[in-house]
Amino acid sequence: MAEKIPTTMTAIEITEPGGPLVLKPGKRGVPEPKPGELLVQVRAAGVNRPDVLQRQGHYPPPAGASDIPGLEIAGDVIAVGEGVTRFRIGERVTALVAGGGYAQYCVVHETNALPIPAGYGFIEAAAIPETYFTVWHNVFERGGLQSGETFLVHGGSSGIGTTAIQLAKAFGATVITTAGSDEKCQACLKLGADHAINYRNEDFVEAVKEATGGKGVNLILDMVGGDYTGRNYEAAALDGRIVQIAFLNGAKATADISKLMVKRLTHTGSTLRNRLVEFKAGIARELELKVWPLLVERRVAPVIDMVYPLHEAWRAHERIEDGHHIGKIVLDVS
Ligand SMILES: NC(=O)c1ccc[n+]([C@@H]2O[C@H](COP(=O)([O-])OP(=O)(O)OC[C@H]3O[C@@H](n4cnc5c(N)ncnc54)[C@H](OP(=O)(O)O)[C@@H]3O)[C@@H](O)[C@H]2O)c1
């Protein structure tokens, strides 16, 4: 490692499972890059709902991952491990990590890092990886969304939702979304959604049927679960697909599974964090090829809700938990 790199750093620790205030700055050793890894001086780190679950003690880091929260970073490469070929010291990267993002330094395998798209600063760049990797895999690879299809995304104003709306539109789908307020619905329409349903005033199944001439939607991205399970089966078209990425309203559901058979539905799901570095590398390559040009042209871009300094990570968690945010919350680590 180069001489100027300090041995210790400030990182946000989860001092015990609990509310936002258990997030406290602490001192940790600066990680050393293993073969194939980059050491990144973190300039900004994205905040995601899974970080909240980890803080509450419901989502432990996978084996081998840092216990420091944070799944995405942007910063400068300041050291490289043996055999690194893709990036050099001094380059600016954005990266998906399995933990360790809320810190001044973080290591990442070079294949899970991407160059910061031209025209983007660290704050915006840090808000890209977690939702773009998740949406790319679940909507396009797993869900198989095609141009001309109809796509329903629940939680349209979330980090995931704002990314899903923009990417689905950019790839030629008609997008219907649900959100919990008129303000959030307006934001989704502004991002390109064709229809936005305030689920607090309107039954989304009825609204979807109306918007699709009774046919239903080809693909649903769902983070709500619970009673949405059966309602998604109602809202899906013949041969429809439902991709489950979370269960904010509960993991247990009762649903009419005859709908699965009669409509020939496919209900699948996945989690990203515990997948192998090689799997994430495959998504990174696809994103660089197919989505990075759209980011550079700003046909898609992360939506930044709020930025907090690293040591105020607890405020970022309060913000995401109060549920009023639209898009992404980012920690400034400069
Ligand atoms: N499987 C994966 O690989 C993967 C990867 C990343 C994230 N995720 C999951 O995807 C979801 C979205 O992540 P994010 O970071 O984009 O989160 P986020 O910005 O906090 O979004 C959560 C959204 O869900 C909506 N919502 C609906 N029912 C809710 C409930 N009961 N409690 C709280 N929110 C509710 C909220 O908006 P309304 O006001 O409209 O209700 C909010 O916009 C999270 O559950 C996260 O764990 C999964």
Side-chain angles (χ1 to χ4, degrees), residues 1 5 9 11-12 28 30-48 50-51 54 61-62 64-81 83-118 120-137 159-160 163 271-292 295-296 301-302 304 310 328-334:
M1 281 175 32
I5 299 169
M9 65 176 184
I12 300 300
R28 291 287 185 102
V30 172
E32 287 200 28
K34 297 194 189 80
E37 288 185 342
L38 314 173
L39 175 63
V40 177
Q41 182 166 9
V42 180
R43 304 297 186 174
V47 176
N48 294 280
D51 309 344
Q54 179 176 341
S66 169
D67 65 325
I68 298 166
L71 302 174
E72 56 186 352
I73 54 166
D76 299 298
V77 177
I78 56 160
V80 297
V84 164
T85 54
R86 171 81 206 267
F87 293 103
R88 281 184 299 199
I89 291 171
E91 287 189 291
R92 298 174 350 134
V93 294
T94 177
L96 183 75
V97 292
Y102 293 12
Q104 289 178 305
Y105 300 89
C106 185
V107 284
V108 61
H109 196 272
E110 63 166 343
T111 58
N112 289 191
L114 287 154
I116 292 183
Y120 284 70
F122 289 121
I123 297 289
E124 274 192 305
I128 295 172
E130 176 67 9
T131 65
Y132 277 74
F133 276 69
T134 301
V135 168
W136 186 259
H137 175 60
I160 293 279
T163 300
T271 62
L272 180 65
R273 190 182 188 184
N274 62 348
R275 302 302 296 269
L276 295 174
V277 158
E278 293 79 3
F279 174 82
K280 295 172 186 168
I283 303 177
R285 279 196 299 274
E286 287 289 298
L287 284 173
E288 190 167 12
L289 200 65
K290 295 178 181 150
V291 174
W292 252 230
L295 281 163
V296 172
I304 306 298
L310 178 66
K328 298 276 307 186
I329 298 163
V330 179
L331 299 176
D332 185 344
V333 192
S334 59

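What you see is a predicted model; the values in this text were computed from it and never measured. One-based numbering along the sequence shown.
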Peer 1: Could you check Ile329 against Ile304 for side-chain contact (heavy atoms from CB on, under 4.5 Å), going step by step and ending with a plain yes or no?
Peer 2: CA-CA 6 Å; Ile329 298 163; Ile304 306 298; over 6 Å; no
Peer 1: Side chains of Gln41 and Cys106: does their closest heavy-atom pair fall under 4.5 Å?
Peer 2: no
Peer 1: At what distance, to the nearest 0.5 angstrom, does NE2 of His109 lie from CD of Glu37?
Peer 2: 7.0 Å
Peer 1: For a quick test of reading the model, state the closest non-hydrogen atom pair linking Ala284 to Thr111 and the distance between them.
Peer 2: CB-O, 3.5 Å
Peer 1: Provide the full list of salt bridge (charged side-chain N to carboxylate O under 4.0 Å, His left out) pairs with a residue in residues 88-100, sequence neighbours left out, each pair given once.
Peer 2: none
Peer 1: Judged by atom type as modelled, is there a donor-acceptor pair below 3.5 Å linking the side chain of Thr163 to the main-chain atoms of Thr131?
Peer 2: no
Peer 1: Check the pair Thr94, Ile73 against side-chain contact (heavy atoms from CB on, under 4.5 Å), reporting the backbone distance first and the verdict last.
Peer 2: CA-CA 6 Å; Thr94 177; Ile73 54 166; over 6 Å; no
Peer 1: Please report the interatomic distance CD1(Ile128) to CG(Leu96), rounded to the nearest 0.5 Å.
Peer 2: 12.0 Å
Peer 1: List the atom of Tyr102, the atom of Leu310, and the distance in Å for their closest heavy-atom pair.
Peer 2: C-CD1, 3.7 Å
Peer 1: Please find the pair of heavy atoms, one from Ile12 and one from Ile68, that lie closest to each other, and give the distance.
Peer 2: O-CG2, 3.5 Å
Peer 1: Using the rule side chain to side chain donor-acceptor pair (under 3.5 Å), only one of Gln54, Lys328, Arg273, Glu130 pairs with Asn48; which is it?
Peer 2: Lys328
Peer 1: For the OG atom of Ser66 and the CZ atom of Arg28, what is their distance to the nearest 0.5 Å?
Peer 2: 6.0 Å
Peer 1: Could you tell me which non-hydrogen atom of Val333 sits nearest to which non-hydrogen atom of Ala45, and how far apart they are?
Peer 2: CG2-N, 4.0 Å
Peer 1: Side chains of Val93 and Val40: does their closest heavy-atom pair fall under 4.5 Å?
Peer 2: yes
Peer 1: Is the shortest heavy-atom distance from the side chain of Val42 to the side chain of Gln104 under 4.5 Å?
Peer 2: no
Peer 1: Mind checking whether Phe87 and Val80 have side chains closer than 4.5 Å, heavy atoms only?
Peer 2: no
Peer 1: Please give me the minimum heavy-atom distance between Ala65 and Ala98, naming the atom from each residue.
Peer 2: CB-O, 3.7 Å
Peer 1: Just so I know, are the side chains of Ser334 and Phe122 near enough to count as touching, which here means a heavy-atom distance under 4.5 Å?
Peer 2: no
Peer 1: OG1/Thr134 to CD/Glu72 distance, rounded to the nearest 0.5 angstrom?
Peer 2: 9.0 Å
Peer 1: How long is the span from the CD1 atom in Ile116 to the CG atom in Leu295, to the nearest 0.5 Å?
Peer 2: 11.5 Å
Peer 1: My understanding is that only residues two or more places apart in sequence, or in another chain, count here; which of them pass salt bridge (charged side-chain N to carboxylate O under 4.0 Å, His left out) with Glu286?
Peer 2: Lys290
Peer 1: Take Asn112 and Phe133, measure what side-chain contact (heavy atoms from CB on, under 4.5 Å) needs, and give me the verdict at the end.
Peer 2: CA-CA 10 Å; Asn112 289 191; Phe133 276 69; 5.6 Å; no
Peer 1: Suppose we screen for ring-ring contact (aromatic ring centres under 6.0 Å, His included). Which residues come up paired with Trp292, at least two apart in sequence or across chains?
Peer 2: none
Peer 1: Any idea which heavy atoms bring Pro117 and Val296 closest together, and the distance?
Peer 2: CB-CG2, 4.1 Å
Peer 1: For Val84, is there any backbone N or O sitting under 3.5 Å from a side-chain donor or acceptor partner on Glu110?
Peer 2: no
Peer 1: So, taking the atom named CG in Leu39 and the one named CD1 in Ile5, what distance separates them when rounded to the nearest 0.5 Å?
Peer 2: 5.5 Å
